[in-house]
Chemist: 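After the structure tokens below, expect a handful of questions from me.
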Amino acid sequence: MVRVDGRELSNSLIQIRGLDKTYRRGGEEIHVLQGLNLDVGKGEFVAFMGPSGSGKTTLLNLLGGLDVPSRGKIVVDGDEITHMSGNKLTEWRARHVGFIFQMYNLIPVLTAFQNVELPLLLTKLSKSERRKHVETALGVVALADRMNHYPRQLSGGQEQRVAIARAIVADPTFLLCDEPTGDLDRKSADDILNILTRLSNEYAKTILMVTHDPMAAERAQATLHLNKGVLVEGVAAAAGSLS
Amino acid sequence: MKFAPLIIANLFRKKLRTTLTIGSFAVAMFLFGILVVIRGAFSQGVDVAGVDRLDVINKVSIIQPLPYSYRDQILRIPGVKAITYDNWFGGVYQDEKNFFPQFAIDPENQRVVFPEFVISDAEWKAFLEDREGAIAGAGIAKRFGWKVGDRIPIKGAIYPGNWEFNIRGIYRGSRDNDDLTQFWFQYKYLDERRQYGKGLVGWYTVKLNSPDDAVRVAKTIDTMFANSPYESKTETEKALASDFAKQFGNIEFLIVSIGGVVFFTLLLVTGNTMAITVRERMGELAVLKAVGFTDRFVLLFVLGESLLIAAIGGVLGLALCKVFTLGGDPTHGFLPFFYLPGPGILLGIGLALTVGILAGILPATSAMRMRVVDALRGV
């Protein structure tokens, strides 16, 4: 089970200790994250909720190696990423992280197949091996029949499914989802959440998801609340923290 | 190679913009090609001039003649291997637009002094045996469809009357850039028929034993004829050709100036296009970085796109120019060397790629330095 009290989990995949993130805007220092501790086990599906500006996306960016913390450390599968150089971090990201964004962020001039293939271009896989991986990933999101379609020829839900296929095609260690249903209608959102749940249950993927949607959060095994840069576990705790 | 589809796909993102940018390159490179052709046309005489030849002209002007008697005097100077003479004829074939240079030549020494012009012995013999015989360059023969045995009427402009010549041979060049537009006939034929200027020649061409003798021999010739009614001016063939080209103004400066303005404008246009293109796609480039593409890859990716546009436009423009020049001299004789040479094409491609790199370097650098979190925030 996920922990936020700084005590180690036996099967901890992600370990965060004393994480601070401070931005300087003008002459003012903004403390987005303050002394955050977190342990996430392998195969866990964790949702992060909280008001806008609470630091959810910042936490996701730090976990994905897109940003560096002001203090503290992040260890993923034994690798401490907080002190990695830019290039090392990029390499690490390619191997360990699958990103799913709210706005899908597909490349519009590439087909669904080519979009999903992108992370594999960084590997040494042959063309036929890449094809096989892409077809499998698109099969998982039930879009194998749309692989030659361009993003403009797909609905929002389908685009997000292609984005999920792109995130999982290289078999990353964990998935980071930033409001994956935020731009979708209820039905499409449910489809996406079903896929994420399947990835967690059937493929034992570790998933960390930021969301504003309580129904989306319900699909996760644990929901953590961020408020003013502090992480608290459970709804009741969050209410307490907010009060 | 596996990244090529990614670069190529981006060219089709905004088809009109890409077409216009490639079109700008093509037009600029076409213009560049034409400038190279024109520069070559003016400087070709300088480039092909023999290093071991001197031209002796009248000190007043090249259109003033020199006495035929100078020939033997010059030939006696140590270091002189051979001498020949020419006389400008300036006739009109059918129409004034059909300009080509006609020379009354010294048949005895023409082939000794100008070995680069190749003609068979049989044709040369036939030429010598026919007082009205003529030799045409392969270029001019092709232009007018002449062949050996044809009778060519030319109306004299400097030397009045209707002159007729029998084509006895066609000469070719031993080098790609030799002038194949000349028309030669025997000096004796001119001297017998003309009403004035008998015993005078247009200029002499002196072949030296060694190029090292050039300064000494030139000085000796001009000293020999100093204070005479026909003072001479002797210089190397290269210097004379260069002086001749300069009569038209500073062509080199003109061409470099026009070319410079064209390329600077092209750089601004392409640079602006690339900047807009990259700015519009910062979010996508950020996603590439997020999934593991390095900063260096993003830099090369943007540069590659800029280079591809430059290469397509450059090759297209130069190819169009090459096709245009294959039609030959559009001025009908004023620019006999009207072709786009291989080094000119390579220089054009090099310039196009340089503009491609310069236009892409700033947007590519900004894409490389872009922070993923900042760019994704804007999506």
Side-chain angles (χ1 to χ4, degrees), chain A residues 21 23 32 57-58 60-62 64-68 85-111 113-127 130 150-152 163 166-170 172 176 178-179 183, chain B residues 1-19 21-22 273-274 276-302 304-306 308-309 365-379:
Chain A
K21 181 65 185 176
Y23 290 113
V32 183
T57 299
T58 301
L60 229 56
N61 288 338
L62 292 171
L66 296 177
D67 206 353
V68 286
S85 68
N87 281 341
K88 271 246 183 247
L89 208 51
T90 306
E91 277 175 32
W92 173 84
R93 219 160 40 224
R95 275 188 290 119
H96 294 285
V97 192
F99 285 97
I100 299 165
F101 305 99
Q102 180 179 354
M103 300 307 294
Y104 336 128
N105 289 357
L106 300 178
I107 310 285
V109 292
L110 300 181
T111 62
F113 181 95
Q114 289 170 319
N115 267 289
V116 176
E117 192 187 19
L118 275 176
L120 299 181
L121 296 178
L122 299 165
T123 68
K124 287 177 179 168
L125 293 176
S126 68
K127 197 175 176 180
R130 292 203 302 270
Y150 288 90
R152 64 175 180 278
R166 181 179 65 189
I168 62 173
V169 72
L176 292 176
D178 192 359
E179 300 267 13
D183 197 49
Chain B
M1 278 306 289
K2 62 185 174 183
F3 299 111
L6 192 57
I7 295 175
I8 292 166
N10 276 309
L11 294 187
F12 297 98
R13 181 184 296 263
K14 303 266 184 185
K15 292 188 187 75
L16 181 63
R17 184 195 290 165
T18 305
T19 307
T21 312
I22 288 176
T273 304
M274 286 310 296
I276 293 170
T277 304
V278 169
R279 198 159 53 239
E280 284 174 351
R281 281 167 31 208
M282 274 301 186
E284 288 173 30
L285 295 170
V287 170
L288 286 182
K289 285 190 180 187
V291 300
F293 287 85
T294 60
D295 291 346
R296 189 165 158 265
F297 173 87
V298 171
L299 174 90
L300 295 176
F301 176 57
V302 175
E305 199 176 316
S306 180
L308 187 61
I309 288 173
T365 307
S366 81
M368 181 185 77
R369 289 181 180 161
M370 161 260 289
R371 289 181 72 236
V372 180
V373 284
D374 295 337
L376 287 178
R377 204 173 290 141
V379 175

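Letters A, B, ... mirror the listed sequences (proteins, then strands); counts begin at 1. Keep in mind that the numbers below use all heavy atoms, side chains included, and drop hydrogens, waters and symmetry copies.
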Chemist: Which residues satisfy the side-chain hydrogen bond (donor to acceptor under 3.5 Å, both in side chains) test with A/Asp183, sequence neighbours excluded?
Modeler: A/Tyr104
Chemist: Are any of the side-chain heavy atoms of B/Leu6 and A/Gln114 separated by less than 4.5 Å?
Modeler: no
Chemist: Which residue out of A/Leu121, A/Val97, A/Asn61, A/Thr58 racks up the most heavy-atom pairs below 4.5 Å with chain B?
Modeler: A/Leu121
Chemist: Heavy-atom pairs under 4.5 Å with chain A - which of B/Val287, B/Val372, B/Val291 has more of them than the others?
Modeler: B/Val287
Chemist: Which of the residues A/Gly98, A/Pro108, A/Gly86, A/Pro172 is involved in the greatest number of heavy-atom pairs with chain B at under 4.5 angstrom?
Modeler: A/Pro108
Chemist: Mind checking the CG-OG1 spacing from A/Leu122 to B/Thr294? Nearest 0.5 Å is all I need.
Modeler: 8.0 Å
Chemist: Select one option (side chain, backbone, both, neither) describing which atoms of A/Thr123 are under 4.5 Å from chain B's heavy atoms.
Modeler: backbone
Chemist: Can you find a heavy atom in the side chain of A/Thr57 that is under 4.5 Å from one in the side chain of B/Leu376?
Modeler: no
Chemist: Shortest non-hydrogen contact from B/Gly292 to A/Ala94?
Modeler: CA-CB, 3.8 Å
Chemist: What heavy-atom pair brings A/Phe101 and B/Ala290 nearest, and what distance separates the two atoms?
Modeler: CZ-CB, 4.2 Å
Chemist: Within this structure, what is the CD-CG distance for the pair B/Glu284 and A/Leu106, rounded to the nearest 0.5 Å?
Modeler: 9.5 Å
Chemist: Given heavy-atom pairs under 4.5 angstrom as the criterion, report whether the side chain, backbone, both or neither of A/Leu118 touches chain B.
Modeler: both
Chemist: How long is the span from the NZ atom in B/Lys2 to the CZ atom in A/Arg130, to the nearest 0.5 Å?
Modeler: 5.5 Å
Chemist: Can you tell which part of B/Phe297 gets under 4.5 Å to a heavy atom of chain A, answering side chain, backbone, both or neither?
Modeler: neither
Chemist: Which bit of B/Arg296 comes within less than 4.5 Å of chain A, counting heavy atoms only: side chain, backbone, both or neither?
Modeler: neither
Chemist: Is it the side chain or the backbone of A/Arg95 that comes within 4.5 Å of chain B heavy atoms, both, or neither?
Modeler: neither
Chemist: Does anything in residues 85-94 of chain A pair up under side-chain hydrogen bond (donor to acceptor under 3.5 Å, both in side chains), and if so which pairs, sequence neighbours excluded?
Modeler: none
Chemist: Is B/Phe12 close to A/Val109 at the side-chain level, that is, under 4.5 Å between some pair of heavy atoms?
Modeler: no
